[in-house]
Enquirer: 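This structure is in structure tokens; I'll ask about it shortly.
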Amino acid sequence: MILQIMAVSAGLGLVIASLGLALLRVLRRHSIGVMLAVVAVITVAATLAGVVAVTLAMIIEGRPRNIVLTVVAIGGLVGLGVALINARWVVLASRRLVAALDDVSPSGRFVPPQGPLPAELETIGLALEQAYERLRLGQERERTLESARRELVAWVSHDLRTPLAGMRAMAEALEDGVADDPDTVKRYHTQIRLEVDRLSGMVDDLFELSRIHAGTLRLSRNKVGLADLVADALAGVEPLARAKRVRLSGEADAVLPVDADAGELSRAVRNLVVNAIRHTPADGTVSVRAVAEGDTVSLSVLDCCGGIPEDDLPRVFDVAFRGEAARTPGPYGGAGLGLAIARGIVEAHQGMIGVVNEGPGCRFEIRLPLSG
Ligand SMILES: Nc1ncnc2c1ncn2[C@@H]1O[C@H](COP(=O)(O)OP(=O)(O)O)[C@@H](O)[C@H]1O
Ligand SMILES: [Mg+2]
């Protein structure tokens with residue numbers, strides 16, 4: 001008997017469940033509310049079908065049968081009602097989430113709706129918050145880069161125009177024979193050559209920087225000994241140091257192999273050393289030190305510049321940043337690209353670069369992974 005009842009209700013249940021699953025599949029793009037309602041209807045239908053089949057077919061007749069059917073029907077209706085209310089809540093919660101999304105301005109912050117949400121919607125809310133935050137940071141970075149680029153173009157065109165005007169004036173004076181005494185002619189020629197050197201250096205820096213920014217800086221990396229690289233860099237700036245009467249000292253505690261593009265890394269080191277010499281007064285010392293620290297190497301350049309103003313410290317690596325308020329370049333004046341280039345090169349080598357004020361001046365430091 002019991003077995004028969006089980007078989008009949010399980011059979012009917014299976015049929016209704018398959019119908020229900022098919023219906024849910026058809027409705028799978030519809031609201032979760034509709035799906036919950038379908039689930040409730042299926043539950044009620046399966047229960048009712050079983051009860052009706054059993055009561056009709058066998059045991060119960062008359063009053064008892066009506067009582068059973070009524071109780072089951074009311075139970076089903078209660079279940080359906082609760083399911084519908086629950087579905088409504090889910091729908092309302094998802095609408096709150098969508099409304100919160102509608103409130104976000106394109107570059108704004110996403111604030112998840114107040115009050116409790118079902119766990120899955122809460123997770124979606126958090127994910128959205130993080131996605132919007134990333135978007136906002138990206139846009140902010142884009143804006144700063146863009147304004148730095150605009151500023152760079154403005155300063156560079158200024159920096160190019162001034163020496164060009166001077167060269168033009170000197171060239172015209174030479175051409176017209178206005179400057180004809182041999183001393184002046186010689187001076188003008190020298191001056192023009194120096195300006196041409198400076199301008200080509202600047203154009204070269206701009207090209208390097210644009211390659212760094214465009215991500216097209218191609219490093220050809222080999223095992224390079226940092227000690228040799230430091231020695232070469234110091235040899236290269238020797239004339240400048242002698243002209244400024246600045247003492248140079250270099251030390252490295254071993255060969256210190258790094259995987260680097262020797263040309264590019266030398267350029268970064270040279271930019272630091274040239275800056276250090278330029279900002280150190282006569283009879284001051286610039287010392288370059290390379291040491292191994294765990295699995296990194298640290299190369300630092302210490303000068304006697306008297307310290308960089310605290311406010312400027314975080315900005316010295318920015319493109320076109322130059323400390324002096326008056327931005328007329330001095331005899332060795334650059335366009336404020338040297339440190340931006342150094343940072344670009346070091347970061348392309350998976351390294352880090354930084355600066356702190358220390359002792360009589362400041363200390364620029366490059367850290368690179370030690371080659372295995
Ligand atoms: N060794 C240093 N000592 C003091 N100030 C420095 C030093 N190196 C860089 N700075 C500051 O950082 C600025 C940016 O340097 P850099 O990018 O090399 O541009 P530039 O040398 O063309 O001015 C410099 O103008 C200067 O104000
Ligand atoms: Mg410089």
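Just so you know, ligand 1 is whichever comes first in the structure, and atom 1 is the first atom listed for that ligand. Everything quoted here is computed from the prediction, not taken from an experiment.
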Enquirer: Hey, does Ile308 come in under 3.5 Å of ligand 1, counting only N/O atoms on both sides?
Expert: no
Enquirer: Go through ligand 1 atom by atom and flag the ones less than 4.0 Å from a non-hydrogen atom of Cys362.
Expert: 1 (N), 2 (C), 3 (N)
Enquirer: Ignoring hydrogens and geometry, is there a side-chain-to-backbone donor-acceptor pair from Arg343 to Ala340 under 3.5 Å?
Expert: no
Enquirer: Checking contacts here: is it the side chain or the backbone of Phe364 that comes within 4.0 Å of ligand 1, counting heavy atoms only? Could be both or neither.
Expert: side chain
Enquirer: Side chain or backbone, does Ala340 bring an N or O within less than 3.5 Å of an N or O on ligand 1?
Expert: no
Enquirer: Is there a side-chain contact between Phe364 and Ile308 in this structure, where contact means two heavy atoms from C-beta onward sitting under 4.5 Å apart?
Expert: yes
Enquirer: Aromatic rings Tyr132 and Phe110: how do their planes relate, parallel, tilted or perpendicular, breaks at 30° and 60°?
Expert: parallel
Enquirer: Quick check: does Asn275 have an N/O/S atom under 2.8 Å of the Mg ion (ligand 2)?
Expert: yes
Enquirer: Looking only at non-hydrogen atoms, find the nearest pair between His30 and Met35 and report the distance.
Expert: O-CE, 3.4 Å
Enquirer: Let me see the working for Glu146 and Arg143 under salt bridge (Lys or Arg N to Asp or Glu O under 4.0 Å), right down to the final yes or no.
Expert: CA-CA 5 Å; Glu146 184 52 40; Arg143 262 199 302 275; over 6 Å; no
Enquirer: Under 4.0 Å from a heavy atom of Cys305: which atoms of ligand 1 are those, numbered in the order shown and with their elements?
Expert: 3 (N), 4 (C)
Enquirer: Do Asp259 and Pro369 come within less than 4.5 Å of each other through their side chains, counting heavy atoms only?
Expert: no
Enquirer: Which atoms of ligand 1 sit under 4.0 Å from any heavy atom of Asp303?
Expert: 1 (N), 2 (C), 3 (N)
Enquirer: Please identify which atoms of ligand 1 are closer than 4.0 Å to at least one heavy atom of Ala276.
Expert: 1 (N)
Enquirer: What is the minimum heavy-atom distance between Glu208 and Arg267, and which atoms define it?
Expert: OE1-NH1, 3.4 Å
Enquirer: Going by the closest heavy atom to atom 26 (C) of ligand 1, which one wins out of Arg278, Arg322, His279?
Expert: His279
